[in-house]
Amino acid sequence: MKNQAYETESEDEDPDFKPLTAQEAQAWRRRHPPLSVWRVVIGQVLVGVLVVVLAWLLSGKPSVAWSAGYGALSVVLPATLFARALARQSADAGAAMVKIFVWELAKLVLTVAMLAAAPRLVWDLNWLALLAGMVVTMKTYWVALKLRPGVRKTD
């Protein structure tokens with residue numbers, strides 16, 4: 001068996017790494033404008049409404065539409081809570097990271113609680129429609145990132 005020497009930390013670093021200058025950082029910010037969390041939430045609401053309409057049209061049953069709507073709501077409501085909580089600025093980076101983790105946990109707990117309450121809140125619950133509404137609405141995050149305005153390729 002061959003003994004290999006452990007690489008030191010300096011050998012692991014990428015030798016091509018070069019910090020950006022102030023002008024390069026400013027140009028990068030122009031190419032990558034920040035994405036408003038409220039635009040994502042509004043997008044989720046619109047996608048949720050579309051899922052409800054499609055569920056109703058395809059099934060013809062109001063219970064399927066209600067189930068899909070509740071699935072979408074179980075994504076939109078926690079996302080709204082998360083966006084509202086993160087809209088307030090934090091003083092330092094450490095506090096901001098803790099806030100993100102705490103509110104992400106709150107978002108997850110609220111989603112699970114809403115799903116657990118679904119059989120009692122939605123009459124004639126259709127789990128497949130609920131799951132479809134939830135998944136399609138949740139995928140709005142990726143669509144919003146892909147379609148955000150102002151993102152251009154590097155020159």
Side-chain angles (χ1 to χ4, degrees), residues 9 12-14 17 19-20 22 24-155:
E9 195 172 315
D12 286 341
E13 294 178 7
D14 187 5
F17 177 76
L20 297 177
E24 290 170 333
Q26 190 175 28
W28 186 90
R29 284 187 200 104
R30 275 195 306 271
R31 285 192 313 269
H32 302 89
L35 178 63
S36 169
V37 292
W38 294 111
R39 287 184 69 156
V40 175
V41 171
I42 290 169
Q44 286 181 327
V45 169
L46 295 175
V47 167
V49 168
L50 180 66
V51 167
V52 169
V53 169
L54 284 174
W56 194 331
L57 290 175
L58 292 175
S59 71
K61 297 178 182 176
S63 63
V64 173
W66 280 108
S67 298
Y70 190 83
L73 187 65
S74 68
V75 173
V76 171
L77 191 62
T80 303
L81 175 72
F82 185 72
R84 181 165 159 65
L86 292 186
R88 292 180 241 137
Q89 298 295 323
S90 292
D92 65 288
M97 285 302 294
V98 168
K99 186 167 81 168
I100 288 172
F101 285 121
V102 166
W103 284 106
E104 185 63 34
L105 180 63
K107 185 172 101 168
L108 181 65
V109 168
L110 180 58
T111 300
V112 170
M114 288 182 71
L115 292 176
R120 282 168 271 161
L121 296 176
V122 181
W123 175 80
D124 197 21
L125 180 66
N126 183 316
W127 280 103
L128 185 59
L130 181 137
L131 188 61
M134 183 178 165
V135 169
V136 170
T137 304
M138 198 180 313
K139 293 299 180 182
T140 306
Y141 286 120
W142 293 105
V143 173
L145 285 174
K146 189 73 174 163
L147 297 179
R148 66 183 166 166
V151 176
R152 295 183 295 267
K153 301 228 186 263
T154 57
D155 298 331

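Residues I100 and L86 are in side-chain contact: their nearest non-hydrogen atoms beyond the backbone lie under 4.5 Å apart. A 4.5 Å side-chain heavy-atom check between W38 and T80 finds at least one atom pair inside the cut-off.
Not counting sequence neighbours, the partners of A95 by the side-chain contact (heavy atoms from CB on, under 4.5 Å) test are S90, D92. Listed by chain and number, the residues in a side-chain hydrogen bond (donor to acceptor under 3.5 Å, both in side chains) with K139 amount to none (sequence neighbours excluded). In terms of the side-chain contact (heavy atoms from CB on, under 4.5 Å) criterion, residue partners of L50 (sequence neighbours excluded) are, by chain and number, L54. Applying the side-chain contact (heavy atoms from CB on, under 4.5 Å) criterion to W103, with sequence neighbours excluded, gives L81, F82, A85, K99, A106. Under the rule for a side-chain contact (heavy atoms from CB on, under 4.5 Å), the partners of Q26 that lie at least two apart in sequence or sit in another chain are R30.
With rounding to the nearest 0.5 angstrom, the CG atom of L121 is 11.0 Å from the CG atom of L115. Taking OG1 of T140 as the reference point, atom CD1 of I42 lies at 12.5 Å (rounded to 0.5 Å).
Nearest heavy-atom pair across T137 and G48 is OG1-CA, 3.8 Å. When all heavy atoms of A83 and V37 are compared, the pair lying nearest together is CB-CG2, 3.7 Å. A pairwise comparison of heavy atoms in Q44 and A79 identifies OE1-CB, 3.3 Å as the closest pair. Taking both residues in full, the closest heavy atoms of A116 and P119 are given as O-CD, 3.4 Å, listed atom of the first, atom of the second, then distance. Shortest non-hydrogen contact noted between E24 and P19 is OE1-O, 4.2 Å.
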Side-chain atoms of residues 67-75: list all donor-acceptor pairs with protein atoms under 3.5 Å, sequence neighbours left out, distances to 0.1 Å.
unit_1: S67; atom_1: OG; unit_2: S63; atom_2: O; d: 2.8
unit_1: S67; atom_1: OG; unit_2: N126; atom_2: N; d: 2.9
unit_1: Y70; atom_1: OH; unit_2: M114; atom_2: O; d: 2.7
unit_1: S74; atom_1: OG; unit_2: G71; atom_2: O; d: 2.7

